[in-house]
Peer 1: 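Got a structure for you, written out below as structure tokens; questions coming shortly.
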Amino acid sequence: MSAAPPDTRPVPPSPQANEPWQRRSLAALWHPCTQMARAARTPPLPLLRGEGPWLFDAAGRRYYDANSSWWVNLFGHSDAGLNLAIRNQLDQLPHAMLAGCTHPPAVLLGEKLSALTGGALGHCFFASDGASAVEIALKMSFHSWRNRGLSAKRGFVCLRNGYHGETLGALAVTDVALFRDAYDPLLLRAHVVASPDSRAGPAQEAAALRELERLLQRRHEQIAALIVEPLVQCAAGMVMHRPSYLRGVRALCSAHGVHLIADEIAVGCGRTGSFFAFEQARTDWPDFILLAKGLSGGALPLSVVLTTDEVYRSFWSEDTARGFLHSHSYTGNPLACAAANAVLDRFAHDGVLERNAAQAALLAEAFADFAQHPRVRHLRQQGTILAFDVADAAPGFAERFHRAARERELLIRPIGSTVYLMPPYLIDRPAAAFLSTAVRDTLNHVD
């Protein structure tokens, strides 16, 4: 008698399959933006794979990635087109230094990004992450003025509650106490001015511009640049403002000879309804635009600083010391640039912005009745970014909301008492309905 054939059916994961990875992770890793003393109560979620907007843990449960894995993922996880672009480049040139060398992925990416500004900005300088791009822009601005004989212009202006990263230069122009205060003795002093906030109405925006104007009138000879997150101050709690504020800022910076740095690390690449958020101001371009996060579609670390011919020419010299001598080993990595080229090609040929407008409308429709929820204040939206404040959120609300949402197949991380969604560009009507139901159910179960 022959033996029975082996059972080849896949064995479903155990509900306890997450625990070993959680235990090992807590023993081996120091997790970012995490108080490790509390991590055992909110253990890290072991993720083994991603597909579209979904992430899957070791136990086989799925979670809708409502925050795009810290705002980086545009087209969904394991996107076939991005994976193919990276795989093709991997077989040709995984990496080569960009000092004294060049390669097609970097050149093509620089050309495409410049074209998106109509040639007003170009001369791409590559880095690996958003904070590094901020550091580069601050250094470029100061050094550019010094090369032009204006070395007194060494100060910077940032907006109240603005966030630009956690390296020392970036923290110097960040006004989020939780990130900044411990390192304050190490930081340069920046001028902090009022930030516009749509929740307070147009009068507050006008007052913010007047405060900036007074500062620039007094101190423009000592100020190199103003840095701003166009349309949405994300880490401040998705604080939104109108394009008219950006027009006012551009006019003031131009009038007083101060560089304008547009930090589009989070809000660029279509998040707000246009590829660059600053486009909606319909005015002259900033002196610098910074991109990161979604630039590579969430596949690989990459950031870029775009600037003007005027800034670029201020470094043009036979004197090495007048050059911009900033670098890191993986500057312009070909794999990351290949991914970014695939992202830009999709924007150019696949109607991404048009589809995003339709997806934003689906989100607005699905969440419209949240405006009448007794706990919801200031329901607001800019493109595919949607947010609201929870009026009676008790201490620890964000952590409790995050944990409760996991039980509802939703991966979401509020900022304080602000619940927000910044999902991948894969929203259809069922997805919008799922997000609305899951967020509402979580809100109703968390104090």
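Numbers here are sequence positions counted from 1. All heavy atoms count here, side chains included; hydrogens, waters and symmetry mates do not.
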Peer 1: Keeping the roles fixed (side chain from T283, backbone from R247), state whether a donor-acceptor pair exists under 3.5 Å.
Peer 2: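 Not a single qualifying donor-acceptor pair exists.
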Peer 1: Search all heavy atoms of T331 against all heavy atoms of H328 and return the closest pair with its distance.
Peer 2: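 Result for this residue pair: OG1-O, 2.7 Å.
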Peer 1: Out of R375, R377, R199, which residue meets the salt bridge (charged side-chain N to carboxylate O under 4.0 Å, His left out) rule with D389?
Peer 2: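 Per the salt bridge (charged side-chain N to carboxylate O under 4.0 Å, His left out) rule, the option paired with D389 is R199, out of R375, R377, R199.
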Peer 1: Any donor-acceptor pair under 3.5 Å linking the side chain of T442 with the backbone of A438?
Peer 2: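 The answer is yes, because a donor-acceptor pair under 3.5 Å joins these two groups.
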Peer 1: If we only count heavy atoms from C-beta on, is the P53 to D65 side-chain gap below 4.5 Å?
Peer 2: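 The answer is no; the side chains never approach within 4.5 Å.
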Peer 1: Check whether any side-chain N or O of E264 sits under 3.5 Å from a backbone N or O of F278 as a donor-acceptor pair, and report yes or no.
Peer 2: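 Pair found, side chain donor or acceptor close to backbone of F278.
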Peer 1: Is a donor on one side and an acceptor on the other found under 3.5 Å between the side chain of S296 and the backbone of P301?
Peer 2: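 Such a contact is absent between S296 side chain and P301 backbone.
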Peer 1: Of the non-hydrogen atoms in R180 and L171, which two are nearest, and what is the gap between them?
Peer 2: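 R180 and L171 have their closest heavy atoms at NH1-O, 2.9 Å.
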Peer 1: Using only atom types and a distance under 3.5 Å, with no angle test, would you say the side chain of H241 pairs donor to acceptor with the backbone of L231?
Peer 2: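 Between the backbone of L231 and the side chain of H241 there is a qualifying donor-acceptor contact (under 3.5 Å).
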Peer 1: Which value, rounded to the nearest 0.5 Å, describes the distance between D57 atom CG and R49 atom CZ?
Peer 2: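 Here the interatomic distance stands at 10.5 Å.
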Peer 1: Between R400 and D447 (side chain of the first, backbone of the second, donor and acceptor by atom type, cut-off under 3.5 Å), is there such a pair?
Peer 2: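 Confirmed, R400 side chain pairs with D447 backbone.
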Peer 1: With distance as the sole test, does W145 use its side chain to make a donor-acceptor pair with the main-chain N or O of A224 at under 3.5 Å?
Peer 2: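 Flag set: sc W145 to bb A224 pair under 3.5 Å.
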Peer 1: CD/Q222 to NE2/H220 distance, rounded to the nearest 0.5 angstrom?
Peer 2: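 Result: 8.0 Å between the selected atoms.
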Peer 1: Between the main-chain N or O of Y64 and the side-chain N or O of E409, is there a donor-acceptor pair closer than 3.5 Å?
Peer 2: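 No, the answer is negative, given that no donor and acceptor are paired below the 3.5 Å cut-off.
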Peer 1: Once rounded to the nearest 0.5 Å, what's the spacing between atom CZ of F125 and atom NE2 of H326?
Peer 2: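 Spacing of CZ (F125) from NE2 (H326) equals 5.5 Å.
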Peer 1: Apply salt bridge (Lys or Arg N to Asp or Glu O under 4.0 Å) to residues D428 and R355 and explain how you reach the verdict.
Peer 2: CA-CA 10 Å; D428 55 16; R355 288 204 305 274; over 6 Å; no
Peer 1: To the nearest 0.5 Å, tell me how far R413 CZ sits from T418 OG1.
Peer 2: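 The CZ atom of R413 sits 14.0 Å away from the OG1 atom of T418.
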Peer 1: Run the side-chain contact (heavy atoms from CB on, under 4.5 Å) test on L295 and V343 for me, step by step, so that the C-alpha distance in whole Å, both residues' side-chain angles and the decisive distance to 0.1 Å come before the verdict.
Peer 2: CA-CA 7 Å; L295 180 59; V343 166; 5.8 Å; no
Peer 1: Do F434 and W54 have ring centres separated by under 6.0 Å?
Peer 2: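 Ring centres of W54 and F434 closer than 6.0 Å.
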Peer 1: Would R62 and E51 count as a salt bridge (Lys or Arg N to Asp or Glu O under 4.0 Å) if you check the C-alpha gap in whole Å, the side-chain angles of each, and the deciding distance to 0.1 Å?
Peer 2: CA-CA 10 Å; R62 68 176 190 170; E51 182 179 338; over 6 Å; no
Peer 1: Under 4.5 Å between any side-chain heavy atoms of V157 and V258, yes or no?
Peer 2: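 Result no, sub-4.5 Å side-chain heavy-atom pair not found.
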Peer 1: Is there a donor-acceptor pair under 3.5 Å between the side chain of E229 and the backbone N or O of V267?
Peer 2: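 The answer is no, because no donor-acceptor pair under 3.5 Å joins these two groups.
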Peer 1: Report the C-alpha distance between V376 and L443 in whole Å, list the side-chain angles of each, state the deciding distance to 0.1 Å, and finish with yes or no for side-chain contact (heavy atoms from CB on, under 4.5 Å).
Peer 2: CA-CA 9 Å; V376 170; L443 181 63; 3.9 Å; yes
Peer 1: Using only atom types and a distance under 3.5 Å, with no angle test, would you say the side chain of E166 pairs donor to acceptor with the backbone of F179?
Peer 2: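 Not confirmed, E166 side chain does not pair with F179 backbone.
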Peer 1: Ring-plane angle category for F388 and F370, please: parallel below 30°, perpendicular beyond 60°, tilted otherwise.
Peer 2: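 F388 vs F370 ring planes: tilted.
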Peer 1: Can you name the closest pair of heavy atoms from N356 and T384 and give their distance?
Peer 2: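 For N356 versus T384, the nearest heavy atoms are O-CG2, 3.9 Å.
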Peer 1: Do you know which of L121, L260, V311 makes side chain to side chain contact (heavy atoms under 4.5 Å, CB included) with F288?
Peer 2: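 The passing option is V311.
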Peer 1: Once you round to the nearest 0.5 Å, how far does OG1 of T272 lie from CD of Q280?
Peer 2: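 One finds 4.5 Å between OG1 of T272 and CD of Q280.
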Peer 1: Answer yes or no: is there a side-chain heavy-atom contact under 4.5 Å between H259 and M140?
Peer 2: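 Counting from C-beta outward, H259 and M140 never come under 4.5 Å.
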Peer 1: Do Y163 and D263 make a side-chain contact, defined as non-hydrogen atoms from C-beta onward lying under 4.5 Å apart?
Peer 2: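 Counting from C-beta outward, Y163 and D263 never come under 4.5 Å.
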Peer 1: Check whether more than 12 heavy atoms from other residues, nucleotides or ligands sit under 6.0 Å from atom CZ of R406, and answer yes or no.
Peer 2: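 Enclosed: over 12 neighbouring heavy atoms sit under 6.0 Å from CZ of R406.
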Peer 1: Can you tell whether the side chains of R23 and E19 come within less than 4.0 Å, N to carboxylate O?
Peer 2: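 Between E19 and R23 there is a salt bridge, with a charged N closer than 4.0 Å to a carboxylate O.
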Peer 1: Please indicate whether R189 has more than 12 foreign heavy atoms, meaning atoms of other residues, nucleotides or ligands, lying under 6.0 Å from its CZ.
Peer 2: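 Count over threshold, so yes.
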Peer 1: Enter the distance from C253:SG to L226:CG here, rounded to the nearest 0.5 Å.
Peer 2: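 Atom-to-atom, C253:SG and L226:CG are 4.5 Å apart.
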